[in-house]
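Before any comments, here is the structure.
Counting starts at 1 for both ligands and their atoms, in listed order. Numbers for residues simply follow the sequence, beginning at 1.
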Amino acid sequence: MPTKRTPLIGMSLKMYFTPARTQRYLSAFVPIARSANAIGITTFLIPDFLSVAASCAALVTTEEQRYATGVGAQDCFWEDSGAYTGEISPAHLWELGVGYVEIGHAERRRIFRESGDDVAKKAAAAAKRGLIPVVCIGEIEPDESQIDFAVQYCVQQIDEAVRCVPLDSQVVFAYEPVWAIGQHNPAPTEYINAVCAGLRLHLDSLGREKSARIIYGGSAGPGLFTELDIDAVDGMFIGRFGHEPTNFEIMVQEIATKKFG
Ligand SMILES: O=C(CO)COP(=O)(O)O
């Protein structure tokens with residue numbers, strides 16, 4: 001386990017890009033990820049499942065790159081093998097070179113009815129395989145005056161999700177207020193900082209001060225990270241505003257201007 005928390009920036013392509021477009025995106029993304037890694041910033045790219053193998057071939061050529069310039073999956077099942085038609089095995093992802101698995105994104109919880117229990121089983125199965133779970137958490141309703149409510153809501157999601165994940169296993173929590181996903185602007189920076197500070201306190205009190213990182217997602221784009229408090233927020237989780245690779249590069253540079261412990 002690292003002795004300090006490494007800043008990180010991840011990007012999910014959701015179901016936006018065809019495999020051919022992902023391949024083109026990779027040719028711009030790979031050098032950006034390598035340069036970020038050279039200055040101590042971890043990156044991960046989460047393409048659609050059909051592009052996971054090609055993304056690993058481009059980004060993960062050594063064991064160290066599995067996490068440093070990693071590739072993620074958008075979901076996984078909680079069993080490694082068997083008669084589970086249509087599901088994706090954590091063991092198979094590991095074999096391809098995958099380092100991260102996104103679990104419990106708001107869209108999966110809402111559209112595919114994933115429960116907190118499903119999230120917990122998937123997080124435990126991913127961690128057991130050595131994959132870093134990227135557990136998505138976030139309150140549903142917009143009420144920026146209710147910081148305590150948002151913290152409590154997310155704390156419950158955290159406690160449920162990692163109840164079977166060992167304290168020394170790395171976990172990334174993507175704090176994505178559901179009301180801020182798919183919008184023109186992210187949540188207000190003071191609000192993000194206050195909620196993440198509450199979550200940080202909770203994770204530290206659990207004994208996850210080194211192993212758990214918090215990244216913010218939800219219409220995150222250039223200009224946001226410079227306003228965020230790095231004692232609480234370790235990085236960002238990007239959606240649409242990273243579809244232009246130069247935007248992703250700008251966000252890496254913004255993270256690089258901060259002085260992480
Ligand atoms: O859900 C997100 C990342 O997983 C955020 O997506 P957008 O940045 O496109 O709102």
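The ligand atoms of ligand 1 that sit less than 4.0 angstrom from a heavy atom of I181 are 1 (O), 10 (O). Each of the atoms 1 (O), 2 (C), 3 (C), 4 (O), 5 (C), 6 (O) of ligand 1 lies under 4.0 Å from some heavy atom of K14. The S219 neighbourhood of ligand 1 comprises atoms 7 (P), 8 (O), 10 (O), with distances under 4.0 Å to a heavy atom of that residue.
Checking Q74, H105, R240 against atom 7 (P) of ligand 1, the nearest heavy atom belongs to R240. Ranked by closest heavy atom to atom 10 (O) of ligand 1, the top entry among G182, A106, G239 is G182.
Using a 3.5 Å distance cut-off with no hydrogens or angles, the side chains of E139 and W179 do pair a donor with an acceptor. Side chains of R240 and S219: a donor-acceptor N/O pair is present below 3.5 angstrom, by distance only.
Ligand 1 lies less than 4.0 angstrom from a heavy atom belonging to F237.
For D234 and K258, the salt-bridge test fails: no basic side-chain N is under 4.0 Å from an acidic carboxylate O. Between D204 and R200, at least one side-chain nitrogen of the basic residue sits less than 4.0 Å from a carboxylate oxygen of the acidic one, meeting the salt-bridge criterion. Under a 4.0 Å N-O distance rule, the pair K14/E107 qualifies as a salt bridge.
Using a distance-only test at 3.5 Å, with no hydrogens or angles considered, a donor-acceptor pair links the side chain of E254 to the main chain of G223.
The nearest heavy-atom contact from the protein to atom 2 (C) of ligand 1 is E176 OE2, 3.0 Å.
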